[in-house]
2 protein chains.
Amino acid sequence: MSLNKNHQINPKISTDCVIFGFDNEGLQVLLIERKPVSDREENNALPGDLIYDDEDLDDAAQRVLKELTGLSDIFLEQIGAFGSPDRLSKPEDKKWLESVRQYPDERVITIAYYSLVNKNLYKPQASSFAQSAVWVPVSEVTTLAFDHFEILKAALKQLRSKIKTQPVGFNLLPAQFVLSDLHKLYESILGRPLDKRNFRRKINKLGIVESLNKKQTGVPHKPSLIYKFNEENYQRLVEEGYDNFGF
Amino acid sequence: MSLNKNHQINPKISTDCVIFGFDNEGLQVLLIERKPVSDREENNALPGDLIYDDEDLDDAAQRVLKELTGLSDIFLEQIGAFGSPDRLSKPEDKKWLESVRQYPDERVITIAYYSLVNKNLYKPQASSFAQSAVWVPVSEVTTLAFDHFEILKAALKQLRSKIKTQPVGFNLLPAQFVLSDLHKLYESILGRPLDKRNFRRKINKLGIVESLNKKQTGVPHKPSLIYKFNEENYQRLVEEGYDNFGF
DNA sequence: TAGCAAAGTGTAATTGTGACACCAAGGATA
DNA sequence: TATCCTTGGTGTCACAATTACACTTTGCTA
């Protein structure tokens with residue numbers, strides 16, 4: 001910490017959340033559709049909000065998540081700060097801000113987070129911005145408002161690197177699942193195919209899933225065994241300093 | 001982005017830099033000694049500064065680095081934002097801020113960076129805070145001002161994880177070095193011993209160092225060959241998508 | 001010239017990875 | 001009720017990577 005200098009600013013601080021979900025369609029992200037202009041994709045934005053006085057950054061992100069999805073205490077990790085002085089200055093973005101902010105020209109630095117939600121628990125909320133929330137397959141997103149596409153790319157990168165060392169994927173699945181769901185999830189996140197037998201071998205060796213000795217019913221093919229995540233074994237691995245899940 | 005709400009703040013934004021250096025004593029970090037009170041360690045702080053209007057976050061961190069070390073264009077990576085509302089409120093810290101800031105009670109959110117500098121190129125500068133900069137072995141740091149110890153721990157964690165996938169260590173070494181320097185560097189960063197033969201095999205296989213066919217002189221033991229980092233081979237590896245340096 | 005200190009080198013056992021193909025089970029349908 | 005369709009579930013082999021481990025070389029110093 002040094003002495004004061006001239007020209008320092010007091011920007012606004014926001015938090016923007018990249019909320020990932022997963023289903024048979026693959027990896028999705030929850031976006032807010034902004035109303036005006038055409039329905040071009042670049043009008044979508046990440047959900048976010050300005051942070052409050054005396055509010056911790058993580059708490060602000062949890063609050064956004066809660067307002068939007070109704071979920072609390074879910075996986076959430078900071079991506080980093082995005083604060084380019086011109087990050088809000090695309091013409092469409094400026095116009096939109098003018099309609100919505102008291103001081104639309106103020107600089108805003110955002111602290112970005114990503115989180116993993118189980119879409120089965122997700123229930124859209126009635127809060128002001130949750131109305132226009134939509135799940136969009138990550139692979140179909142090519143542009144977003146502000147610098148949000150850049151933030152999404154950073155989130156994906158961090159998630160990919162995280163899932164190689166920690167079994168965070170379970171946050172995206174229901175409590176009971178089938179190994180092929182987990183398999184598809186890993187393929188969706190990593191964006192490449194994984195050999196079925198090798199995948200299963202790895203998962204089994206880790207001992208982080210546990211069969212419930214129940215089978216699927218009503219499926220037009222051989223029913224799969226149903227599994228749950230074994231949190232105790234996972235905790236043991238982490239305590240032993242294990243951090244390589246090797247994908 | 002949602003609608004405005006009450007209670008939003010306009011905090012100050014600072015950047016704090018964890019500047020790592022390396023020599024025979026191991027991994028070091030550059031700290032600022034705050035003047036008052038006793039010479040207890042918790043008076044040391046990370047170098048940092050408030051950011052300017054219209055200044056990009058990365059640029060602010062580069063500026064701090066330049067003012068402090070005289071170096072520009074060196075390895076620098078964001079760690080993340082630290083913004084707990086009470087991060088400045090330890091009594092000693094408050095007293096110090098009162099002596100130095102116009103509005104010492106203002107909330108300050110910091111964007112932390114870490115960087116790797118070659119101590120041979122480092123020359124202390126005459127800037128206001130560079131006067132009291134000191135290199136301290138990372139292993140001896142146990143407390144710091146504000147939340148800076150937490151930031152240091154995050155920096156170390158990120159560096160350890162980074163060095164497993166990218167050969168960033170070369171930023172800490174002189175342009176010409178000896179394999180045992182590189183070996184000691186990796187051991188210092190990872191905090192555990194690495195087998196000499198296995199280490200050399202890995203480095204050689206990667207092809208990212210290149211012998212200059214010169215030997216050390218004046219050492220009281222068998223002289224070592226002198227190496228340099230092979231940037232072309234490294235670039236090739238990165239372009240091929242290689243990101244596992246396997247330590 | 002003896003001794004010291006660090007440099008430099010190879011192998012064997014184990015473990016991990018990647019590629020690959022067939023049978024099983026249940027529902028759907030003819 | 002037999003056939004077909006779809007997905008579940010399984011083992012092996014070749015190769016690569018990792019770990020553990022000890023002795024000789026070189027140059028300076030005493």
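Source: prediction; values computed, not measured.
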State, with a plain yes or no, whether a side-chain heavy atom of [X] is found less than 4.5 Å away from one of [Y].
| X | Y | result |
| --- | --- | --- |
| A:Tyr227 | A:Leu182 | no |
| B:Ile189 | B:Leu172 | yes |
| B:Lys119 | B:Gln28 | yes |
| B:Thr143 | B:Phe149 | no |
| A:Asn118 | A:Leu71 | no |
| A:Val64 | A:Ile19 | no |

At under 4.0 Å between heavy atoms, what does A:Lys205 touch on the DNA or RNA strands: base, sugar-phosphate, or nothing?
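Since only primed, P, OP1 and OP2 atoms lie under 4.0 Å of A:Lys205, the category is sugar-phosphate.
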
Atom [atom1] of [X] and atom [atom2] of [N]: how far apart are they, to the nearest Å?
| X | N | atom1 | atom2 | result |
| --- | --- | --- | --- | --- |
| A:Phe199 | D:dT10 | CZ | P | 14 Å |
| B:Asp181 | C:dG8 | CG | P | 11 Å |
| A:Asn213 | D:dG9 | CG | P | 12 Å |
| A:Leu179 | D:dT10 | CG | C1' | 13 Å |
| A:Lys164 | C:dT17 | NZ | C1' | 15 Å |
| A:Lys215 | C:dA25 | NZ | P | 7 Å |
| B:Lys202 | D:dA17 | NZ | P | 10 Å |
| A:His183 | D:dT10 | NE2 | C1' | 15 Å |

Fit a plane to each ring of B:Trp135 and B:Tyr122, take the angle between them on a 0 to 90° scale, and name the class: parallel (under 30°), tilted (30 to 60°) or perpendicular (over 60°).
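The arrangement is perpendicular - the two ring planes meet at more than 60°.
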
Do A:Arg160 and A:Tyr114 meet the cation-pi criteria used here (NZ or CZ under 6.0 Å from the six-membered ring centre, within 45° of the axis)?
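The answer is no, since A:Arg160 fails at least one limit relative to A:Tyr114.
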
Going by heavy atoms closer than 4.0 Å, what residues in residues 223-230 of chain A are next to DNA chain C?
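Within residues 223-230 of chain A, the residues near DNA chain C are A:Pro223.
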
So among A:Phe245, A:Phe22, A:Phe75, A:Phe229, which one has a ring pair (Phe, Tyr, Trp, His ring centres under 6.0 Å) with A:Phe170?
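Going through A:Phe245, A:Phe22, A:Phe75, A:Phe229 one by one, the ring pair (Phe, Tyr, Trp, His ring centres under 6.0 Å) with A:Phe170 is satisfied by A:Phe229 alone.
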
Could you go through nucleotides 21-24 of chain D and list every protein N or O atom that sits under 3.5 Å from one of its N or O atoms, giving the distance for each pair?
residue	atom	partner	partner atom	Å
D:dC21	N3	B:Arg197	NH2	3.1
D:dC21	N4	B:Asp195	OD2	3.4
D:dC21	N4	B:Arg197	NE	3.3
D:dA22	N1	B:Arg197	NH1	3.3

Sub-3.5 Å pairs of nitrogen or oxygen atoms, protein against nucleotides 28-30 of chain D:
none

CG of B:Asn44 to CD1 of B:Ile32: how many Å apart, nearest 0.5 Å?
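Interatomic distance, B:Asn44 CG to B:Ile32 CD1, rounded to 0.5 Å: 9.0 Å.
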
One thing to verify: whether A:Arg236 and A:Glu232 come together as a salt bridge, which I'm taking to mean a side-chain N less than 4.0 angstrom from a carboxylate O.
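A salt bridge is absent here (no side-chain N lies under 4.0 Å from a carboxylate O).
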
Just to confirm, is there a sub-4.0 Å distance from OP1 or OP2 of D:dT7 to any side-chain nitrogen or oxygen of A:Ser180?
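No, outside the criterion.
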
